[in-house]
Amino acid sequence: KEILMRIDIGTTEGQLELMDMDEKFQHTLEQLYTLIEETTAMNTIQPIAIISAELSDSPSNEHRTESLATELAALRIPNVRSVGAYAGNVEASFVIPLSMEVTEAMVANLAREYGQESILIVDANSEAHLVFLELGISEHLGKFAEMPSDQARRQTGYTLVNDKYYSILY
């Protein structure tokens, strides 16, 4: 823009042409900014937490899952039922969108209530983190991404939600 402003054509017609070019340049910049904003928005997702109430080989897992579902409904916490798998163990889980009202800390407290060791957090950039509740530490896992079922099932862990498979891209 500064370069265009410094060109001195020396005629009234030339100055009008320069103004036209300046307006076009400004319009192009606005389009570029809009494109950048749209692209950024497309590459971000709403952060989520994935939580389960199940415990390894517990005969009461179905009851525990329904109890958590009831508690989520009572607290008016939006969620989607899912299936999580890790190292060969498959369990019912819930995908919870995080927001100003539903925070990671709130989900972590629910998980502790159900005796869970960790929760999975996926941030706005699709980066997955395993949060160890007792230790209060987070381990970065990689990109959380949708993938074909056969590819997801070959991973150490995956999540099945709404007939779509997700896992970590390392």
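Taking hydrophobic clusters as Ile, Leu, Val, Met, Phe, Trp and Tyr residues chained together by side-chain heavy-atom distances below 4.5 Å, Ile51 does not share a cluster with Val95. Under the 4.5 Å side-chain contact rule for hydrophobic residues, Leu141 and Val122 share a cluster. Cluster annotation: Leu135 is not connected to Val131 through the hydrophobic network of ILVMFWY side chains, with a link wherever side-chain heavy atoms come within less than 4.5 Å. Cluster membership check: Ile48 does not share its hydrophobic cluster with Leu75, using side-chain heavy-atom separations under 4.5 Å among Ile, Leu, Val, Met, Phe, Trp and Tyr. Cluster annotation: Ile121 and Ile77 are assigned to the same hydrophobic cluster (Ile/Leu/Val/Met/Phe/Trp/Tyr, side-chain heavy-atom contacts under 4.5 Å, transitive).
Between Ile119 and Ile50, every side-chain heavy-atom pair lies at or beyond the 4.5 Å cut-off. Two residues are said to be in side-chain contact when any heavy atoms from C-beta on lie closer than 4.5 Å; Glu71 and Glu113 meet this criterion. Side-chain contact between Thr156 and Tyr86 is present, with at least one heavy-atom pair separated by less than 4.5 Å. Residues Thr65 and Arg81 are in side-chain contact: their nearest non-hydrogen atoms beyond the backbone lie under 4.5 Å apart. The shortest distance between side-chain heavy atoms of Gln155 and Met147 falls below 4.5 Å. Two residues are said to be in side-chain contact when any heavy atoms from C-beta on lie closer than 4.5 Å; Thr159 and Tyr165 fail this criterion. Taking 4.5 Å as the limit, some side-chain heavy atom of Leu72 sits within range of a side-chain heavy atom of Leu110.
Between Ala145 and Leu169, the closest heavy-atom pair is CB-CD1, 3.6 Å. Between Val107 and Leu98, the shortest heavy-atom contact is CG2-CD2, 3.9 Å. Between Gly84 and Ser93 the shortest heavy-atom distance is N-OG, 3.5 Å. When all heavy atoms are compared, the tightest approach of Leu133 to Ala108 is CD2-CB, 3.6 Å.
Distance alone, capped at 3.5 Å, is enough to place a donor-acceptor pair between the Asp123 side chain and the Asn125 backbone. For Ser99 (side chain) and Val102 (main-chain N/O), a donor-acceptor pair under 3.5 Å exists by modelled atom type. A donor-acceptor pair under 3.5 Å links the side-chain atoms of Arg64 to the main chain of Ala53, judged by distance alone. Glu54 contributes a side-chain N or O that, together with a main-chain N or O of Ala92, makes up a donor-acceptor pair within less than 3.5 Å. Checked by atom type and distance alone, the side chain of Asn61 pairs as donor or acceptor with a backbone atom of Leu55 at under 3.5 Å. Asn109 contributes no side-chain N or O that, together with a main-chain N or O of Met106, makes up a donor-acceptor pair within less than 3.5 Å. Although no hydrogens or angles enter the test, the distance criterion places a donor-acceptor pair under 3.5 Å between the side chain of Ser167 and the main chain of Gly157.
Atom OG of Ser118 and atom CD of Glu134 lie 11.5 Å apart (nearest 0.5 Å). In this structure, CD on Glu66 lies 12.5 Å from OG on Ser60, to the nearest 0.5 angstrom. Interatomic distance, Gln116 CD to Leu68 CG, rounded to the nearest 0.5 Å: 8.5 Å.
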### Query
Going through the distances and angles, do Glu127 and His140 end up as a side chain to side chain donor-acceptor pair (under 3.5 Å)?
CA-CA 7 Å; Glu127 294 296 331; His140 178 259; 2.5 Å; yes

### Query
After noting the C-alpha distance and the side-chain angles of Phe94 and Val80, does the key distance pass the side chain to side chain contact (heavy atoms under 4.5 Å, CB included) rule?
CA-CA 6 Å; Phe94 298 87; Val80 177; over 6 Å; no

### Pair Ser52-Tyr114, side chain to side chain donor-acceptor pair (under 3.5 Å): steps then yes or no
CA-CA 8 Å; Ser52 176; Tyr114 284 87; over 6 Å; no

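Using the six-membered ring where Trp is involved, Tyr166 and Phe144 have ring planes that are parallel, under 30° apart on the 30 and 60° scheme.
Within a 6.0 Å sphere centred on CD of Glu146, heavy atoms belonging to other residues, nucleotides or ligands number more than 12.
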